[in-house]
Amino acid sequence: MKQSTFMIFKPDSIEGNHVQPIIERIFNAGLEISHFKAVIATPELIEQHYAHIADKPFFKAIEDFMVKGPLYIAILTGEDAVNTWRGLMGATNPEAAEQGTIRGDFGYVKNGQVFNMVHGSDSTDNAKREIELWYGKDVTID
Ligand code: UDP
Ligand code: MG
């Protein structure tokens, strides 16, 4: 089914010059990229986006990391977009992510902190929630 999902290029993907190869993988998977823009996030926005991990011990480091420079955000649209993008991303922990996935190929763990390059919504409900959170009510998906 054609659907949309939300993605973030986290600062590690931008600093590591991985944006172009990641975009190539997105196109090669048949997904369209729209609403691409650079954003400087506030701690409040990151807390809302990552509400499900905001009470974890590692959250402060993630929050600091996500607000320290620009992020690129985008909407991906295509067949089964949520799962297609999650498949391209690979597992959360780069050390567990398979080779050939973005996190498996570009991600790493340093001093116990996970650097996994990209975000992707994990369900269509969360895609809707995250798109409204990051773009406001003017941008909606089906
Ligand atoms: N995260 C982490 N350690 C963990 C779990 C999560 O550093 O044990 C970070 C990581 O950056 C991850 C984000 O928190 O991408 C959100 O966690 P989630 O479980 O939603 O993983 P994702 O959906 O990004 O695969
Ligand atoms: Mg998640």
Side-chain angles (χ1 to χ4, degrees), residues 1-136 139-142:
M1 202 180 75
K2 191 168 169 175
Q3 59 184 203
S4 294
T5 192
F6 175 70
M7 74 157 297
I8 303 175
F9 289 92
K10 301 185 185 185
D12 41 357
S13 67
I14 299 171
E15 286 164 11
N17 286 317
H18 302 311
V19 173
Q20 187 197 341
I22 292 170
I23 285 175
E24 265 176 44
R25 291 178 188 216
I26 293 169
F27 277 117
N28 289 341
L31 296 175
E32 287 172 24
I33 302 175
S34 68
H35 301 80
F36 187 103
K37 68 172 180 179
V39 177
I40 311 249
T42 59
E44 293 71 28
L45 180 57
I46 298 304
E47 279 157 33
Q48 286 180 273
H49 175 76
Y50 277 142
H52 65 296
I53 56 161
D55 60 349
K56 303 273 194 225
F58 55 78
F59 183 70
K60 180 75 173 99
I62 289 177
E63 184 174 86
D64 290 348
F65 173 68
M66 293 291 281
V67 303
K68 76 176 182 166
L71 313 170
Y72 300 156
I73 63 173
I75 297 174
L76 306 181
T77 303
E79 198 61 32
D80 201 19
V82 169
N83 287 329
T84 301
W85 175 231
R86 293 286 305 190
L88 290 180
M89 287 166 50
T92 305
N93 182 344
E95 291 177 344
E98 293 189 30
Q99 293 300 300
T101 67
I102 291 163
R103 288 166 164 180
D105 292 349
F106 304 128
Y108 56 91
V109 178
K110 190 175 162 191
N111 299 328
Q113 189 173 349
V114 162
F115 295 92
N116 63 11
M117 306 292 150
V118 285
H119 166 78
S121 311
D122 61 9
S123 66
T124 51
D125 281 353
N126 276 331
K128 283 198 180 72
R129 182 185 78 84
E130 292 166 8
I131 286 167
E132 184 173 327
L133 180 65
W134 287 83
Y135 291 100
V139 177
T140 51
I141 56 170
D142 300 335

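When a ligand or atom number is given, it counts from 1 through the structure's own listing order. When a residue number appears, it is its place in the shown sequence, counting from 1.
Within a 6.0 Å radius of CD in Gln20, no more than 12 heavy atoms belonging to other residues, nucleotides or ligands are found. Other residues, nucleotides and ligands contribute at most 12 non-hydrogen atoms within 6.0 Å of the CD atom of Glu98.
Interface atoms of ligand 1 facing Val114, defined by a heavy-atom separation under 4.0 Å, are 7 (O). Heavy-atom contacts of Asn116 reach the following atoms of ligand 1: 10 (C), 11 (O), 12 (C), 15 (O) (cutoff under 4.0 Å). Near His52, with a cut-off below 4.0 Å to any heavy atom, the atoms of ligand 1 are 18 (P), 20 (O). For ligand 1, the atoms closer than 4.0 angstrom to any heavy atom of Arg86 are 22 (P), 23 (O), 25 (O).
The residue Asn93 has no part lying near ligand 1, judged by heavy-atom distances below 4.0 Å. With a 4.0 Å heavy-atom cut-off, ligand 1 is reached by the side chain of Ile62 but not by its N, CA, C or O. Using a 4.0 Å cut-off between heavy atoms, Arg103 contacts ligand 1 through its side chain alone, with no backbone atom that close. Contact annotation for Lys56 and ligand 1: no heavy atom of the residue comes within less than 4.0 Å of the ligand.
Residues Ser4 and Ala127 approach most closely at O-CB, 3.7 Å, considering heavy atoms. Contact between Thr92 and Asn116 at its shortest, heavy atoms only, is O-ND2, 3.1 Å. The shortest heavy-atom contact between Val82 and Asp122 is CG1-C, 3.8 Å.
Residues Lys68 and Glu63 are not paired through a salt bridge, judged by the lack of any N-O separation under 4.0 Å between the basic side chain and the carboxylate. Arg25 has a carboxylate O that lies under 4.0 Å from a charged side-chain N of Asp105, or vice versa, which qualifies the two as a salt bridge.
Atom 25 (O) of ligand 1 has Thr92 OG1, 2.5 Å as its closest protein atom, hydrogens excluded (heavy atom only). Ranking protein heavy atoms by distance to atom 5 (C) of ligand 1, first place goes to Phe58 CZ, 3.5 Å. For atom 16 (C) of ligand 1, the closest non-hydrogen atom on the protein side is Tyr50 CE2, 3.4 Å. Among all non-hydrogen protein atoms, the one lying nearest atom 11 (O) of ligand 1 is Lys10 NZ, 3.2 Å.
Residue-to-ligand polar distances keep His119 apart from ligand 1: every N/O pair is separated by 3.5 Å or more.
Heavy atoms of Ile53 approach ligand 1 to within less than 4.0 angstrom. The closest approach between Gln113 and ligand 1 stays at or above 4.0 Å for every heavy atom of the residue.
Among the candidates Glu130, Arg129, Lys128, the single residue satisfying the side chain to side chain contact (heavy atoms under 4.5 Å, CB included) test with Phe6 is Glu130.
The closest side-chain donor-acceptor pair between Thr124 and Gln3, if any, does not fall under 3.5 angstrom.
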Determine, step by step, whether Phe106 and Phe115 satisfy the ring-ring contact (aromatic ring centres under 6.0 Å, His included) criterion, reporting the C-alpha distance in whole Å, the side-chain angles of both residues, the deciding distance to 0.1 Å, and the verdict. CA-CA 9 Å; Phe106 304 128; Phe115 295 92; over 10 Å; no
